[in-house]
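Read the structure below first, then the notes.
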Protein chains: 2
Amino acid sequence: MPLKRFDRPIILGVVGDSASGKTTLATGVARILGEDRVATICTDDYHRFSRAQRAENGLSALDPRSNYLDILEQHLGLLRQGKPILKPVYSHEVGDLVQPQYVLPKPYIIVEGLLGYTTRAMRDCYDVKIYLEPDQDLRVEWKIQRDTAKRGYTRDQVLASLEKRREDSPAFIHPQRVFADIVIQFKRPEGQSAESGARLDVRHILRPTLPHPNLAPLVDAGAKNELSLDLARDHDGKPVDVLGITGSITDQRAKALENLLWDLIPEASHLRANVGEFTDANNNQVVSHPLALTQLLIAYHMVKAALGIHAI
Amino acid sequence: MPLKRFDRPIILGVVGDSASGKTTLATGVARILGEDRVATICTDDYHRFSRAQRAENGLSALDPRSNYLDILEQHLGLLRQGKPILKPVYSHEVGDLVQPQYVLPKPYIIVEGLLGYTTRAMRDCYDVKIYLEPDQDLRVEWKIQRDTAKRGYTRDQVLASLEKRREDSPAFIHPQRVFADIVIQFKRPEGQSAESGARLDVRHILRPTLPHPNLAPLVDAGAKNELSLDLARDHDGKPVDVLGITGSITDQRAKALENLLWDLIPEASHLRANVGEFTDANNNQVVSHPLALTQLLIAYHMVKAALGIHAI
């Protein structure tokens, strides 16, 4: 492990609402860091109640009270210390916990799920915290797409499930946004429909809680509409940088951004070979520069953390 | 919790071969300490492999390699710190781990099972360590009795299972004996058969790793054959005290020993009310003085540990 200066895993958090793109992002980042050096765990496995029990007690599965959050805290702490855990596993098929899974920490750990930043003790375990906040329309579309294709639901069932959880998102998911180092917003370009096949735009809301790479030279050199970096106020009034990458960015400009990032972490140059292999959760080649660059930017922060830069 | 001077649970270990009387002992001790103040966990739930997997890989369930001993270590450490655990649960019916169980620590924790003293880190978690070593004939009898009555096996199946595990006991169970503070040996009085209905005798091999109560005055005062305390060499040659209580001990002498123990822990006098309720695992009233006094002696050590005497 030539990159590791510290004898503990580097932990990435990926939190966001249902179907906000957590798995796609986590898969892409793991691919760059090297899949054999990454353990990925999902925080949605810590259900305290079976489906039948929830039906009885009326608690949503997203309610922190429906989850063993103290055990999740404990497990994140253990992983951060480099210790193995026996992780609960929730089966959507059975509607209850089944055989737990033995997880050995790897140099990098990705923790993705709905409630990963709920408590202070959890939040203290991460090196990099991402919150995914795609446009609501996009998220609904992704959810229908995934749940009908992979989870055997009808379109109407997915819409009913969204309606049923309408109050859960603002109550339990959205309050975690404020704890992220980077809020990532994918959206369809203005005036484009799903059918147009246009690539998505992305905005990264960058909080000063991470040492973000200096992209200014690159942004200044190019056309503002493809790559932008703007000082702005987040919707809570706090100052942030907003990095914008449009789906229409040229291959050349995307490559320039990629080069800039790699030049900043020369110790990780051997990982460049992994970047060609970007795929989405369906193992399709990723052609979206905004998604690929987003994954690379996150991998950059993970490598930086492994190098100990964040600890200075 | 008027008895607790320390803000952590006091942990009792009960280790011994299959059907050596672990559950009966644990139940009796919990009854004395107050069942609502005791959490009991079984170390035999940490199976790494399902029954089918063991059949394939040829490993015995008693083999440390067949168990998540690192997770057991971790869980004992967490319990000792007063933290909850999500304990695996092995189902004999299913032959695999099923839904885990959330265990909140109580002021007293009893940890019973086959492999509780296997590693140093585990052993360091206990305040009192018991090893049960009944006469082999007695254990076989107990095992047949239990496994035919409660686990649906035939007598022949039980004998076959004992034969199959014949090499496991010396390989994995017996080596833990040396780490116990007290080795407890139940046996049938000389020349008595199971049918005679005679009460069992008991010998406590007392190692100097616990501050044992001074029973000398009581032993000296009475008939040596009912209650004895002898300096001896354990079969490894090490010096030990051997406390003997015969099944034929009179109610009066048993009461005197009981009184002596309670007088030594006046802070726990409110627990005396629990002693009348001794029952065995089948909820039958216990009429065996050796068993009742054994449970009380162990409870005495737990109370002493809670009072912090052992930490001086």
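Source: prediction; values computed, not measured. Below, chain A is the first sequence line, B the second, and so on; all start at residue 1.
Closest approach of B:Q74 and A:I85 over heavy atoms only: OE1-CA, 4.5 Å. The shortest heavy-atom contact between B:D96 and A:Q99 is OD2-NE2, 2.9 Å.
Ranking A:V94, A:D70, A:V98 against chain B, the residue ahead of the rest is A:D70, based on heavy-atom pairs under 4.5 Å.
Within 6.0 Å of the CD atom in A:E167, the count of heavy atoms belonging to other residues, nucleotides or ligands does not exceed 12.
In this structure, NZ on A:K87 lies 12.5 Å from CD1 on B:I71, to the nearest 0.5 angstrom.
With a threshold of 4.5 angstrom between heavy atoms, B:L86 approaches chain A through its backbone and through its side chain.
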